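Not measured: the values here are computed from a predicted model.
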Amino acid sequence: MLIIRDVTEADREQAVAMMKEFYKSPACLHEVPEEHFHRTITEAAGPNPAVRLMMLEEQEGDEAPRTVGYAHFVVSWNNEAGGQQIWFDEMVFNENARGKGYGTQVFAWMEKEYPDVKRIRMEVTRENIRAIALYERLGYKHLDYYQMCQDFD
């Protein structure tokens, strides 16, 4: 069984370790400074309702739940979609938790948690074939925008 719960300060060390691994994977184009992970956890574990960092735990029978991944997203308003948008930023599962349908369960949970959402949007590297296959299977389509950004310190 998959348990989806909000991150707490007690999860910081484990969450940072998973984030480091995620940013070394083909799902990402570059590494990110560790201080960014700490900022995200602080925001998500604090009073900011727009920032969500979910700990993904697997529980079998009477065993204690064990963390198998995390998901990070931000809730905002999108004029183009005409309402609330979820920017789905990251999701990763440990190798032994992959292929169990947990990714599908995370998306079903989001849709239930945010019944009025008008769009769920994400970015994915072309090399992340498993994620693309999941998203397509769930009905997500390619959005033909060219992305640009500018980072500020």
Worksheet item: Any side-chain heavy atom of Glu57 within less than 4.5 Å of one from Val68?
Response: no
Show every donor-acceptor pair shorter than 3.5 Å between a side-chain atom in residues 137-149 and any protein atom, with sequence neighbours excluded, or say none if there are none.
{"residue": "Tyr145", "atom": "OH", "partner": "Glu80", "partner atom": "OE1", "Å": "2.7"}
{"residue": "Tyr145", "atom": "OH", "partner": "Glu80", "partner atom": "OE2", "Å": "3.2"}

Worksheet, complete the sentence: Residues passing the side-chain contact (heavy atoms from CB on, under 4.5 Å) test with Glu136, sequence neighbours excluded, are Ile132
Item to complete: Group every Ile, Leu, Val, Met, Phe, Trp and Tyr by side-chain heavy-atom contacts under 4.5 Å, then state whether Met55 and Leu2 land in the same group.
Response: no
Worksheet entry | Ion pair Glu31/Lys24, N-O distance below 4.0 Å | no
Worksheet item: Does any non-hydrogen side-chain atom of Met1 lie less than 4.5 Å from one of Ile3?
Response: yes
Worksheet item: So, Asp11 side chain and Thr8 main chain: donor-acceptor pair closer than 3.5 Å or not?
Response: yes
Practice prompt. Go through the steps to decide whether Val106 and Leu56 satisfy the test side chain to side chain contact (heavy atoms under 4.5 Å, CB included), and finish with yes or no.
Written response: CA-CA 9 Å; Val106 169; Leu56 308 174; 3.9 Å; yes
Worksheet item: Rest of the hydrophobic cluster containing Phe152 (Ile/Leu/Val/Met/Phe/Trp/Tyr, side-chain heavy atoms under 4.5 Å)?
Response: none
Worksheet item: Of all heavy-atom pairs between Ala27 and Asn128, which one has the smallest distance, and what is that distance?
Response: CB-ND2, 3.2 Å
Worksheet item: Cut-off 3.5 Å, side chains only: do Asn48 and Glu43 have a donor facing an acceptor?
Response: yes
Item to complete: State plainly whether one hydrophobic cluster holds both Trp109 and Val117, where clusters connect Ile, Leu, Val, Met, Phe, Trp and Tyr through side-chain heavy atoms under 4.5 angstrom apart.
Response: yes
Practice prompt. Using the test side-chain contact (heavy atoms from CB on, under 4.5 Å), find all partners of Ala17 that sit at least two apart in sequence or belong to another chain.
Written response: none
Worksheet entry | Side-chain ion pair, Arg66 and Glu60, N-O less than 4.0 Å | yes
Worksheet item: With sequence neighbours excluded, what pairs up with Glu35 under the salt bridge (Lys or Arg N to Asp or Glu O under 4.0 Å) test?
Response: Arg39
Worksheet item: Got more than 12 heavy atoms from elsewhere within 6.0 Å of CD, Glu9?
Response: yes
Item to complete: Without swapping roles, check the side chain of Gln59 against the backbone of Glu63 for a donor-acceptor pair under 3.5 Å.
Response: yes
Worksheet item: Within a radius of less than 6.0 Å around CG of Asn79, do more than 12 heavy atoms belonging to other residues, nucleotides or ligands occur?
Response: no
Worksheet item: side chain to side chain contact (heavy atoms under 4.5 Å, CB included) between Met110 and Ile120: does it pass, once the steps are laid out?
Response: CA-CA 9 Å; Met110 272 194 310; Ile120 297 175; 4.1 Å; yes
Worksheet item: Taking atom CD1 of Ile4 and atom CE of Met54, what is their separation to the nearest 0.5 Å?
Response: 7.0 Å
Worksheet item: Is there a side chain to side chain contact (heavy atoms under 4.5 Å, CB included) between Trp77 and Gln85 once you walk through the steps?
Response: CA-CA 6 Å; Trp77 187 267; Gln85 169 181 274; over 6 Å; no
Practice prompt. Please report the closest heavy-atom contact between Val124 and Ala131, naming both atoms and the distance.
Written response: CG2-CB, 4.1 Å
Response to the item:
Residues at least two apart in sequence or cross-chain that pass salt bridge (Lys or Arg N to Asp or Glu O under 4.0 Å) with Arg52, listed by chain then number, are Asp6, Glu113
Worksheet item: Listed by chain and number, what are the side chain to side chain donor-acceptor pair (under 3.5 Å) partners of Ser25, not counting sequence neighbours?
Response: none
Practice prompt. Not counting sequence neighbours, which residues clear salt bridge (Lys or Arg N to Asp or Glu O under 4.0 Å) with Glu21? List them please.
Written response: none
Item to complete: Would you please name every residue forming a side chain to side chain donor-acceptor pair (under 3.5 Å) with Tyr102, sequence neighbours left out?
Response: Glu58
Fill in: Under the side chain to side chain donor-acceptor pair (under 3.5 Å) test, residues paired with Thr104 that sit two or more places apart
none
Worksheet item: What residues, two or more places apart in sequence or in another chain, satisfy side chain to side chain donor-acceptor pair (under 3.5 Å) together with His36?
Response: none
Discussion item. Please give me the minimum heavy-atom distance between Ala15 and Ile41, naming the atom from each residue.
Written reply: CB-CD1, 3.8 Å
Worksheet item: Is there a side chain to side chain contact (heavy atoms under 4.5 Å, CB included) between Phe73 and Tyr114 once you walk through the steps?
Response: CA-CA 12 Å; Phe73 60 93; Tyr114 295 93; 3.7 Å; yes
Would you be so kind as to tabulate the donor-acceptor pairs closer than 3.5 Å made by side chains of residues 86-95, with sequence neighbours excluded?
{"residue": "Asp89", "atom": "OD2", "partner": "His72", "partner atom": "ND1", "Å": "3.1"}
{"residue": "Glu90", "atom": "OE1", "partner": "Tyr70", "partner atom": "OH", "Å": "2.6"}
{"residue": "Glu90", "atom": "OE2", "partner": "Tyr23", "partner atom": "OH", "Å": "2.3"}
{"residue": "Asn94", "atom": "ND2", "partner": "Thr67", "partner atom": "O", "Å": "3.4"}
{"residue": "Glu95", "atom": "OE1", "partner": "Arg98", "partner atom": "NH1", "Å": "2.6"}

Practice prompt. Give the cluster check for Phe37 versus Val7: same hydrophobic cluster or not, with ILVMFWY residues linked at side-chain heavy-atom distances below 4.5 Å.
Written response: yes
Worksheet item: With a cut-off of 6.0 Å (strictly less than), are more than 12 heavy atoms of other residues, nucleotides or ligands near NZ of Lys118?
Response: no
